[in-house]
Amino acid sequence: MFLLLLVSSLAAAWELDANVMLPVPARAVELNSTEGFAILVRSQYRSYRAVASHFTTQDTQSLCGIASAVAVLNGMNVPPPVDPVYEPYAYWTQSDLASNECLAAIHDPAHGSTRAQLAAMLSCLVRVQDVPAPASVGELRQIVAGALADSAKEHLIVNFDRADLDAEAGGGHFSPVVAYDAQEDLALLMDVARYKYPPMWFPLQDLWRSTLRVDSSSNQSRGFLVLSPPGDARWAAPRRGAVVGGAQ
Ligand SMILES: *[C@@H]1O[C@H](CO)[C@@H](O)[C@H](O)[C@H]1NC(C)=O
Ligand SMILES: *[C@@H]1O[C@H](CO)[C@@H](O)[C@H](O)[C@H]1NC(C)=O
């Protein structure tokens, strides 16, 4: 009897686990599918190579902008502070950013941030272009293809509304866009709400549409942040792998 109960509760737990993620939107291609990988291999993916190793899950349901920034800052080798959790290793974490003085730009981080707030905060650390939703998908194509070209040193974070990407759970969101495929006009979105959606390719047209809806907390359209090295004294010598106290 006990064994039977154990088996059935294990089965129930497994069933629950199998349903944790939301269904992939119809027009998206999951990165981990055969097709998704093939697209990645043929696309320009410089930003994917830098960011994927540091791609992380948002710590709370309102920290999507901060989590996107953390993945990109680590991918860009922006000199990181030491989070006590990982001492003596220096690494950008969401709590590093949450305790950064620049966070003052986000007045109420518990309720997420607008694109302008996240841009203001990150401009303490890197060069930020705050790009409102472009007027056309053609304009977006130029921005994405330019930023993600192999020679570019730029990174993209999109601020979009999920409802316009056919996603089941709607609402405003941030995530890094890390690759563009010119052949099929697809963009790779690495969703920091990893408990909801896996990394997916979306038609650029859909991604563009998802940035048009007005953010009710700022009354402005959504859009993109383009992050690049500041090219000034804030960019101290790269410290990737550097540790305080010389421990290994
Ligand atoms: C891809 O990831 C999803 C979860 O997002 C998983 O359900 C699926 O089995 C994975 N596909 C492969 C081929 O492993
Ligand atoms: C946005 O617009 C609405 C309606 O016009 C207004 O009531 C509200 O105060 C505005 N919010 C901001 C942040 O400007």
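The residues of the chain are indexed from 1 along the displayed sequence. As the structure lists them, so they are numbered: ligands from 1, and atoms in each ligand from 1.
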* To do: With R209 as the cation and F202 as the aromatic partner, state whether NZ or CZ is under 6.0 Å from the six-membered ring centre and within 45° of the axis.
  =>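 No, R209 does not lie over the aromatic ring of F202.
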* Asked: Which word best sums up how the rings of H54 and Y91 line up, parallel for under 30°, tilted for 30 to 60°, or perpendicular for over 60°?
  ->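 Correct class here is tilted.
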Show the atoms of ligand 1 that are less than 4.0 angstrom away from any heavy atom in [X].
| X | answer |
| --- | --- |
| P198 | 5 (O) |
| M21 | 5 (O) |
| E30 | 1 (C), 2 (O), 3 (C), 4 (C), 5 (O) |

* Is there at least one protein heavy-atom neighbour under 4.0 Å from atom 7 (O) of ligand 1? ->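 When distances to the protein are checked, atom 7 (O) of ligand 1 has no heavy atom within 4.0 Å.
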* atom 2 (O) of ligand 1 touched by protein heavy atom at under 4.0 Å ->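 Answer yes: something from the protein, a heavy atom, is under 4.0 Å.
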* **Closest to atom 12 (C) of ligand 1 among N32, L22, V24 (heavy-atom distance)** =>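 Ranked by closest heavy atom to atom 12 (C) of ligand 1, first place is N32.
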* Around Q61, counting heavy atoms of other residues, nucleotides and ligands shown, do more than 12 lie under 6.0 Å from its CD? ->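 No.
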* **Heavy-atom neighbours of Y195 OH exceed 12 at 6.0 Å** =>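 Yes, OH of Y195 has more than 12 neighbouring heavy atoms, counting only those of other groups under 6.0 Å.
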* **R162 and D191 ion-paired at < 4.0 Å** =>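 So R162 pairs with D191 through a salt bridge.
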